[in-house]
2 protein chains.
Amino acid sequence: MKIMAPVDPALLALSTDVVLFSIHAERLDVLLLKQAARQWQLPGGEVGACEDLDGAALRHLREQTGVDDVYLEQLYTFGDPRRVDCQRVVSVAYYALVPAERLPLDELRKNPQVDWCPVSDLPPLTLDHAQIVTLAHQRLASKLAYSTIALQFMPASFTLSALQTVYETILGEVLDKRNFRKRILAMNCIETTGGMAREGNHRPARLYRATHPGRIEFLK
Amino acid sequence: MKIMAPVDPALLALSTDVVLFSIHAERLDVLLLKQAARQWQLPGGEVGACEDLDGAALRHLREQTGVDDVYLEQLYTFGDPRRVDCQRVVSVAYYALVPAERLPLDELRKNPQVDWCPVSDLPPLTLDHAQIVTLAHQRLASKLAYSTIALQFMPASFTLSALQTVYETILGEVLDKRNFRKRILAMNCIETTGGMAREGNHRPARLYRATHPGRIEFLK
DNA sequence: TTGACATAGTGTTAAAATAACACTAATATT
DNA sequence: AATATTAGTGTTATTTTAACACTATGTCAA
């Protein structure tokens, strides 16, 4: 293999891309920015000289979409020299989770450059962004099995049925209600608030909250 | 949060660091380079302008240690702006696995700048390299549970006892021989070669080989 | 040649985890 | 009061995992 010249700093750019997931109406959605007609992209952009990578990802997310205060995790770094034409752009990809209730819905609705799209039916995305979304979805789904990461989609209090719907939406399969509840309660990651959710013409449901909100626990 | 200025390209450097694991005499070792007296570092260095990240990791490993043809996997990207003084260096960390039998032992022994050190007793390492090694070890150990990654430490043919020793060395615990063999054979990832290992004054052992060498399978 | 030594190889059983499965309870609406 | 709708709850069979000990086959030395 030929030894390459060191990076020409004028050509190297470091950026972050963020796959922000949220769940709306039993659909797993990703936040996308309109780049051109029929061409979308993930939020993200260059990393500042004195900015750490997580910070850059959060900043671009906030600046471009108004969304703040999310759970963020590094996913993978994409560095194929041909992934962007005419310039070397290495991108540190992240994924982020946010409860639908915490979203600035008005602000988002006013901005025609921003939209939520279902993961299962993405529009054409720029560069390798579709691949990034797929990888993020896989990572998220596999983390459901051995962590409490799904709680990051939940508001301050929620019902067990709502939590089950989150699991089912991400995994794309239905789960047994009794087994699900046993499993979740055995994790010891949620507790009852004492309150009840009374909505709809049916029996009210107990409300729960995360015992350690913000913290993600790993099982076994 | 203050909006940062974009990266000054003159200050940004992109590098890779590689944690190369190998197992010698029932010890999990990492390959280190002597940086100064009592100060060691991981192999690695800058990413070339037209070089992909994996390629850069492999190239530095080869140039600095003579080791080639390893299993390589991206680990995490470290980008804290204060991780290196006076310059912004973002590092894409990798880990790599190689069977002891495939190492250029003579070449390595001749080079006083290179040495194998046990993961459990590392010398002082530069920057955040100790943290990188720890993270790589955790990742490797957890992958044993749900993949055939351990085969990357094995030569072309090997005994089940040797494979079990690899597991035990990485996990730092002893495993039950019968349960281990059942589990491994159920994975369907190895097959008998027909040959026998006859070494030592005891019963010879059957030799096995990977059914798909180089490929890593995920279980369940 | 035979006995000591060293590692290879092999099944069973108990315990734990998982998966399958259906009915009653509480509320709102008519 | 009957209907509709979701909440909530246990048991059992199956599968997986964990614990456990002896025989087999070679080398070597007496």
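Hydrogens, waters and symmetry mates are skipped; everything else that's a heavy atom, side chains included, is used. The chains referred to below are lettered A, B, ... by the order of the sequence lines, with proteins before strands, and numbering in each begins at 1.
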Query - Protein-nucleotide distance (A:Glu173, atom CD; C:dT18, atom C1'), rounded to Å - result: 14 Å

Requested in this report: Check whether any side-chain heavy atom of B:Ile149 lies under 4.5 Å from a side-chain heavy atom of B:Leu144, and answer yes or no.
Outcome: yes

Query raised in the report: If you round to the nearest 0.5 Å, how far is OH of B:Tyr94 from NE2 of B:His60?
Result: 11.5 Å

Report summary line: Given protein heavy atoms under 4.0 Å, the one-letter contact record of nucleotides 1-8 of chain D, with B base, S sugar-phosphate only and - none, is simply ---BBBBB

Query raised in the report: Atom CZ of A:Arg183 to atom P of C:dA20: distance rounded to whole Å?
Result: 13 Å

Report summary line: When rounded to whole Å, the CZ to C1' distance for the pair A:Phe180 and C:dA19 reads 16 Å

Query - Contact summary for A:Arg209 and A:Thr192, nearest pair of heavy atoms - result: NH2-O, 3.9 Å

Requested in this report: With the side chain counted from C-beta on, respond yes when A:Thr134 and A:Gln138 share a heavy-atom pair under 4.5 Å apart, and no when they do not.
Outcome: yes

Requested in this report: For side-chain contact (heavy atoms from CB on, under 4.5 Å), just list the numbers for A:Val30 and A:Leu42, CA-CA rounded to whole Å, side-chain angles, deciding distance to a tenth of an Å, and then say yes or no.
Outcome: CA-CA 9 Å; A:Val30 178; A:Leu42 294 169; 4.2 Å; yes

Report summary line: Heavy atoms of A:Leu33 and A:Gln64 approach each other most closely as CD1-OE1, 3.1 Å

Requested in this report: For A:Arg198 and C:dT29, give me the distance from atom CZ to atom C1', rounded to whole Å.
Outcome: 15 Å

**Report entry** Close side-chain approach of A:Leu14 and A:Val90, heavy atoms under 4.5 Å
**Finding:** yes

Query raised in the report: How close or far is atom C1' of C:dA8 from atom CZ of B:Phe158, stated in whole angstroms?
Result: 16 Å

Query raised in the report: Would a 4.5 Å heavy-atom cut-off, applied to side chains only, mark B:Phe78 and B:Leu127 as touching?
Result: no

Query raised in the report: Do A:Trp116 and A:Leu108 have side-chain heavy atoms sitting under 4.5 Å apart?
Result: yes

Report task. Starting from C1' on C:dA8, measure out to CG on B:Leu163 and report it in whole angstrom. Result -> 15 Å

Query raised in the report: Which is it for A:Tyr167 and A:Ile184 under the side-chain contact (heavy atoms from CB on, under 4.5 Å) test, yes or no, and what are the steps along the way?
Result: CA-CA 11 Å; A:Tyr167 274 76; A:Ile184 294 294; 3.8 Å; yes

**Report entry** B:Tyr95: which of B:His137, B:Lys143, B:Glu73 passes side chain to side chain donor-acceptor pair (under 3.5 Å)
**Finding:** B:Glu73

Query raised in the report: In B/S/- notation, 5' to 3', how is nucleotides 11-17 of chain C contacted by protein heavy atoms closer than 4.0 Å?
Result: BB-----

Query raised in the report: D:dC28 P sits how many Å from B:Glu199 CD, rounded?
Result: 13 Å

Requested in this report: Take the C1' atoms of the five end pairs on each side of the helix from C:dT1-D:dA30 to C:dT30-D:dA1, get both axes, and report the angle to 10 degrees.
Outcome: 10°

